[in-house]
Amino acid sequence: MKKVYGSAQEALDGLLNDGMLIAAGGFGLCGIPELLIDAIVESGVKDLTVASNNAGVDDFGLGKLLATRQVKKMMSSYVGENAEFMRQYLSGELELEFNPQGTLAERMRAAGAGIPGFYTKTGVGTVIAEGKEVKQFGGQDYILEEGIFADLAIVKAWKADTSGNCIFRKTARNFNPPAAMCGKICVMEVEEIVEPGELDPDNIHLPGIYVHRIIKGEHEKRIEKVTTRSRENA
Amino acid sequence: MPWDRNQMAARAAQELEDGMYVNLGIGIPTLVANYVGDKDITLQSENGMLGMGPFPYEGEEDPDLINAGKQTITELPKTAYFDSAMSFGMIRGGKIAAAILGAMEVAENGDLANWMIPGKLVKGMGGAMDLVAGVEKVVVVMDHQNKAGESKLLKSCTLPLTGTGVVDRIITNLGVLDVVEGGLKIVECAEGVTEEELRAATEATIV
């Protein structure tokens with residue numbers, strides 16, 4: 001089965017519907033599926049719920065989808081870098097479901113692994129626990145969290161072979177594997193596509209079974225906070 | 001003289017022992033890395049890295065290599081990368097020995113508030129709730145009082161909580177306090193700060 005597509009638009013063809021739930025990989029602006037996000041902006045699909053750790057910045061990443069008001073609800077752990085997000089949220093135009101970062105990652109991983117719910121001690125006794133079942137294990141309280149079963153996952157990897165086996169680079173891996181796993185369909189953008197056999201089978205980070213469509217593209221890979229040290233202190 | 005930011009970070013570094021895996025929060029906690037000296041400490045960055053190195057030299061920034069504060073960083077020979085689910089698996093699973101975090105409020109029972117001011121600051125908790133729930137030893141580094149001179153060490157927190165009964169030790173500009181049965185216990189005072197001054201600046205019960 002052919003998994004490689006010519007462009008982000010082609011790869012998303014037939015997959016986008018108003019009101020759908022999309023899981024997106026990335027942490028801050030690192031390892032985000034920037035080309036697929038741009039194509040979703042162009043498609044005009046609306047009323048989206050997006051599960052993503054962050055919401056991009058005003059003019060890059062998921063911030064673009066917020067600017068065009070295509071997002072109805074975000075499921076995130078931290079949205080502090082996006083002024084338009086704050087404005088829409090505080091004015092009641094955008095729904096926001098805060099998830100502790102590890103809970104968000106595990107909700108994706110669990111759904112991808114066929115686990116509809118799990119108990120965690122994260123958030124016990126906080127607003128996160130409100131309305132959730134509490135169960136004791138070994139005398140300690142845990143709350144029930146549910147898996148995130150996404151209609152579509154959009155992720156970014158470094159290299160993939162044409163069968164979808166892929167590897168990530170450094171901290172750009174982050175939420176991409178769990179996001180990929182929880183999608184009914186996963187579309188992946190990469191910097192390089194190679195033939196099967198060129199990636200070491202012992203070092204595949206995410207097997208191709210989780211990846212349905214692949215595109216290669218040029219990535220801006222914007223840095224959110226350039227921080228350096230001076231050579232004099234070395 | 002109360003401690004400044006760097007002195008607080010240096011004091012917090014004394015909490016770390018050779019061989020520890022440690023997560024440092026944003027702000028003063030990040031400075032703790034400058035004071036670990038010869039101790040073999042492995043820093044975890046919850047976006048998926050163990051063995052975090054220093055900031056890169058100018059021109060050597062890598063967009064694929066950032067810390068949890070979104071700053072560019074470098075790797076070390078012992079570095080390992082992994083995904084967010086595994087990263088929080090090791091946090092929740094109790095594999096990280098210590099977390100050093102900032103705080104807005106701490107209560108005498110160890111409750112911590114450091115993620116939200118309703119109506120004002122709604123950035124999100126990031127990984128803070130997972131860290132305080134899972135990490136063995138939670139050390140908070142914070143100013144003792146707010147800008148109005150009111151104690152941030154309280155009988156009970158007024159802001160939304162990050163975790164309940166999770167703080168083990170508090171390092172402020174005025175000294176070091178432990179959360180114990182019945183309240184906070186003074187461990188030491190900053191140089192030039194008397195115990196009376198520290199008590200007077202603290203709303204929480206001191207036992």
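Chain letters run A, B, ... following the sequence lines, proteins first and then strands; every chain starts at 1.
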Any heavy-atom pair between the side chains of A:E106 and B:F88 that's under 4.5 Å?
no

For each of B:L161, B:T164, B:D64, tally heavy-atom pairs with chain A at distances under 4.5 Å, and name the one with the top tally.
B:D64

Quick check: do A:T171 and B:Y81 have side-chain heavy atoms less than 4.5 Å from each other?
yes

Evaluate whether atom CD of B:E191 has more than 12 neighbouring non-hydrogen atoms of other residues, nucleotides or ligands under 6.0 angstrom away.
no

Between A:V226 and chain B, with a heavy-atom cut-off of 4.5 Å, which part of the residue counts as in contact: side chain, backbone, both or neither?
both

Between CZ on residue A:F98 and CE on residue B:M125, distance to nearest 0.5 Å:
6.0 Å

Interface moiety of A:F85 toward chain B, non-hydrogen atoms closer than 4.5 Å:
neither

Taking the side chain as C-beta and beyond, is there a heavy-atom pair between A:F27 and B:I66 under 4.5 Å?
yes

Can you tell me how far OG1 of A:T120 sits from CZ of B:R92, rounded to the nearest 0.5 angstrom?
4.5 Å

Please check if atom NZ in B:K123 has more than 12 non-hydrogen atoms from other residues, nucleotides or ligands closer than 6.0 Å.
no

From the list A:C30, A:G31, A:G28, A:A129, the residue making the most non-hydrogen contacts under 4.5 Å with chain B is A:C30

Taking the six-membered ring of B:F82, is the NZ or CZ of A:R173 close enough (under 6.0 Å from the centre) and on axis enough (within 45°)?
no

Please determine whether salt bridge (Lys or Arg N to Asp or Glu O under 4.0 Å) holds for the pair B:E60 and A:R229, giving the CA-CA distance in whole Å, both sets of side-chain angles, and the decisive distance to 0.1 Å.
CA-CA 10 Å; B:E60 293 177 8; A:R229 67 186 142 135; over 6 Å; no

How long is the span from the NZ atom in A:K221 to the CG atom in B:D62, to the nearest 0.5 Å?
6.5 Å

Could you tell me which portion of A:M86 (side chain, backbone, both or neither) has an atom closer than 4.5 angstrom to a non-hydrogen atom of chain B?
side chain

Below 4.5 Å from any heavy atom of chain A, which atoms of B:T162 appear? Answer side chain, backbone, both or neither.
backbone

For B:Y57 and A:S230, the nearest pair of non-hydrogen atoms, with its separation, is CE2-O, 3.9 Å

Interchain contact, A:I128 with chain B, by part (heavy-atom threshold 4.5 Å)
side chain

Could you look at A:R109 and say if it's the side chain, the backbone, both or neither that has a heavy atom under 4.5 Å from chain B?
side chain

Pairs of heavy atoms under 4.5 Å with chain A: top-ranked of B:G48, B:P54, B:G163:
B:P54

Looking at A:T227, is its backbone amide N or carbonyl O close enough to the side chain of B:T72 to form a donor-acceptor pair, meaning the two atoms are under 3.5 Å apart?
yes

For chain B, which of A:V127, A:L104, A:T103, A:N176 has the most heavy-atom pairs under 4.5 Å?
A:T103

Can you tell which of B:A85, B:G59, B:A128 has the highest number of heavy-atom pairs within less than 4.5 Å of chain A?
B:A85

Does A:Q136 CD have over 12 foreign heavy atoms under 6.0 Å away?
yes

Would you check if B:K70 and A:N54 make a side-chain contact, meaning some heavy-atom pair closer than 4.5 Å?
yes

Max heavy-atom pair count under 4.5 Å with chain A, selected residue of B:G69, B:G126, B:G127, B:S45
B:G126

Relative to chain A, which segment of B:E46 carries a heavy atom at a distance below 4.5 Å: side chain, backbone, both, or neither?
both

If we only count heavy atoms from C-beta on, is the A:P178 to B:D83 side-chain gap below 4.5 Å?
yes

With a 4.5 angstrom heavy-atom cut-off, is it the side chain or the backbone of B:I91 that approaches chain A, or both, or neither?
neither

More than 12 heavy atoms of other residues, nucleotides or ligands under 6.0 Å from OH of B:Y21: yes or no?
no

So does A:L144 have more than 12 non-hydrogen atoms from other groups sitting under 6.0 Å from CG?
yes

Under 4.5 Å heavy-atom distance to chain A, tell me which part of B:A68 shows up: side chain, backbone, both or neither.
both

Below 4.5 Å, heavy-atom pairs only: which of A:A179, A:A55, A:P177, A:A110 has the largest tally toward chain B?
A:P177

Which one, A:G25, A:S76, A:G80, A:G123, leads in non-hydrogen pairs under 4.5 Å with chain B?
A:G80

Which atoms of B:D111 are under 4.5 Å from chain A, going by heavy atoms: the side chain, the backbone, both sets, or neither?
neither

Are more than 12 heavy atoms from other residues, nucleotides or ligands located less than 6.0 Å from atom CD of A:E146?
no

When only pairs under 4.5 Å are counted, which of A:K170, A:H205, A:K225 shares the most heavy-atom pairs with chain B?
A:K170

Between the main-chain N or O of A:G102 and the side-chain N or O of B:D130, is there a donor-acceptor pair closer than 3.5 Å?
yes

Heavy-atom closest pair, residues A:T122 and B:A133
CA-CB, 3.8 Å

Answer key: most heavy-atom pairs under 4.5 Å with chain B among A:N174, A:N53, A:L90, A:I223 is A:N174

Atom CD of B:E58: over 12 foreign heavy atoms under 6.0 Å
no

Should we say atom CE of B:M20 is surrounded by more than 12 heavy atoms from elsewhere, each under 6.0 Å from it?
yes

